[in-house]
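To keep things clear, I will list the structure first and then write my remarks on it.
Source: prediction; values computed, not measured.
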Amino acid sequence: MLIDYAAITHPGKVRKNNEDAYLLSALDGEEPIINGPARSLKVGDAGLLVAVADGMGGAAAGEVASREGLAALALFLFGHWGRLTGAKALESELHKALEIAVEQASDAVLRYSDDDRTARGMGSTLTSAIIWKGCAYIAQIGDSRAYLLRQGLLHQITEDQTLVNDLVAQGSLTREQARTHPQRNMITQALGSPQPLRVVLLRLSLRRGDRLLCCSDGLHGEVSDARIQEVLNQGLSPRRSLELLVDEALAHGGRDNITGVILSLNDPGLPLPTPGEALDLIHPDALTRRRGIRGWFQGLFGGSAS
């Protein structure tokens, strides 16, 4: 696929450390890009992996959590998806590999936390997407987000795993109250948690001209959805669009680290969108995915998954 991309991370105006991280990987065995300079990535049979993580934990622990989690995610997906992907690869196998990869990333963060007392309690959000065969396969933990711009309209693809979002779902808060609630940044899921993860998986069918934005709350918490839509609609390069969004976040206070990745999907192999068509966004059946997932992992690769 032809994919133009840009990635930026910025410490913001208040924080001393940058605990955010981004990742890009063609899942071909080459070292993934983690907060590094852009290079050309050839998207092969395994697809393109992009991810954003927002670490937490005090001192430098948050920086370690986000990077350790992303590195473990890419390593697992290369070993158990990228190097095995062939013409007969199944979507269900990708869903399973992606879910286990997130669990492995969480375990990696938790092991580091257990080994280093100064890092106890560290964790990280994760929003990742694999672009494969005309779809984006998304995994979500925490409150980093994925957005899609299609035909001029911005769609929030992921839902924040936060206390206030749960209260909104229960009818205890309105969306407007949630935006200013003092506990709006309290997440309910994180990599590195000793509790079982609730990994949210999504599949989004892509169209030619789509723009996919993955970002930490340092961006979407400072820049309104309306302004994000306006910037992405200006027809600028992914790099310039992202620079403008980071500048907007800084102008609104830059109270947190700011990270974003933009993919511009103009591949002629993608179908053109139909005016007014609804998003083809699917949540894989959780019961179907979990039934036999451990047996699949053990039978295909050996060993066990924690």
Side-chain angles (χ1 to χ4, degrees), residues 1-12 15-44 46-57 60-79 81-83 98 101-102 104-105 108-109 112 119 122 124-132 136 138-139 141-142 144-146 191-192 211-219 236-247 249-250 254 256-265:
M1 289 184 66
L2 297 175
I3 301 175
D4 190 12
Y5 77 88
I8 295 176
T9 187
H10 191 288
R15 303 288 181 89
K16 292 182 179 180
N17 297 334
N18 189 350
E19 298 180 324
D20 281 5
Y22 64 76
L23 176 144
L24 298 109
S25 173
L27 296 175
D28 58 0
E30 291 290 325
E31 185 176 355
I33 300 170
I34 300 180
N35 284 11
R39 66 171 188 264
S40 178
L41 292 171
K42 183 178 180 181
V43 182
L48 175 67
L49 168 66
V50 300
V52 168
D54 179 356
M56 63 208 78
E63 296 178 40
V64 174
S66 58
R67 288 158 181 76
E68 285 288 321
L70 291 183
L73 179 82
L75 180 63
F76 183 91
L77 284 171
F78 166 66
W81 170 256
R83 70 181 179 85
L98 186 54
V102 175
Q104 294 288 305
V109 175
Y112 195 100
M122 74 180 190
S124 177
T125 70
L126 173 70
T127 296
S128 66
I130 293 179
I131 310 302
W132 184 68
I138 298 168
I141 292 290
S144 295
R145 289 181 183 174
L191 300 184
R211 282 195 160 196
L212 184 68
L213 167 66
C214 296
C215 62
S216 66
D217 66 338
L219 195 155
L236 304 171
S237 69
R239 180 73 188 184
R240 185 57 186 146
S241 296
L242 202 48
E243 288 173 344
L244 289 177
L245 290 174
V246 172
D247 288 345
L250 291 171
D256 202 350
N257 308 144
I258 307 160
T259 300
V261 178
I262 292 178
L263 303 182
S264 182
L265 300 155

For Val50 and Tyr5: C-alpha separation, side-chain torsions, deciding distance, then whether side-chain contact (heavy atoms from CB on, under 4.5 Å) applies. CA-CA 10 Å; Val50 300; Tyr5 77 88; over 6 Å; no

Grab the two heavy atoms, one from [X] and one from [Y], that are nearest each other, plus how far apart they are.
{"X": "Arg39", "Y": "Glu30", "value": "NH2-CB, 4.1 Å"}
{"X": "Gly57", "Y": "Ala61", "value": "O-CB, 3.7 Å"}
{"X": "Leu212", "Y": "Ala129", "value": "CD2-CB, 4.2 Å"}
{"X": "Ala53", "Y": "Ser66", "value": "CB-CB, 3.8 Å"}
{"X": "Ala71", "Y": "Leu23", "value": "N-CD1, 4.5 Å"}
{"X": "Ala6", "Y": "Pro238", "value": "CB-C, 3.5 Å"}

Run the side-chain contact (heavy atoms from CB on, under 4.5 Å) check on Leu49 and Leu24 step by step: do they pass? CA-CA 6 Å; Leu49 168 66; Leu24 298 109; over 6 Å; no

Pairing donors with acceptors under 3.5 angstrom, does anything connect the side chains of Arg67 and Ser124? no

Thr125 side chain to Ser144 side chain, donor-acceptor N/O pair below 3.5 angstrom: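 Distance-only check passes for Thr125 and Ser144.
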
Would you mind reporting whether [Y] and [X] have side-chain heavy atoms less than 4.5 Å apart?
{"X": "Asn257", "Y": "His10", "result": "no"}
{"X": "Ile3", "Y": "Leu265", "result": "yes"}
{"X": "Ile8", "Y": "Glu243", "result": "yes"}
{"X": "Glu19", "Y": "Val64", "result": "no"}
{"X": "Ser128", "Y": "Leu98", "result": "yes"}
{"X": "Asp217", "Y": "Asp54", "result": "yes"}
{"X": "Ile262", "Y": "Asp4", "result": "no"}
{"X": "Ile141", "Y": "Val102", "result": "yes"}

Has the side chain of [X] got a donor or acceptor atom that lies under 3.5 Å from a matching backbone atom of [Y]?
{"X": "Arg239", "Y": "Ala7", "value": "yes"}
{"X": "Arg15", "Y": "Pro11", "value": "no"}
{"X": "Trp81", "Y": "Ala46", "value": "yes"}
{"X": "Arg240", "Y": "Leu236", "value": "no"}

Can you measure from CG (Leu219) to SG (Cys214) and round to the nearest 0.5 angstrom?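 So the gap between those two atoms works out to 11.5 Å.
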
Walk me through it: do Tyr22 and Leu70 pass the test side-chain contact (heavy atoms from CB on, under 4.5 Å)? CA-CA 8 Å; Tyr22 64 76; Leu70 291 183; 5.5 Å; no

Give a yes or no on whether a salt bridge exists between Lys42 and Asp28, defined as a side-chain N under 4.0 angstrom from a carboxylate O. no

Pair Arg145, Ser216 - check side-chain hydrogen bond (donor to acceptor under 3.5 Å, both in side chains), show working. CA-CA 6 Å; Arg145 289 181 183 174; Ser216 66; over 6 Å; no

Passes side-chain contact (heavy atoms from CB on, under 4.5 Å), Leu242 versus Leu213? Steps please. CA-CA 9 Å; Leu242 202 48; Leu213 167 66; 4.3 Å; yes

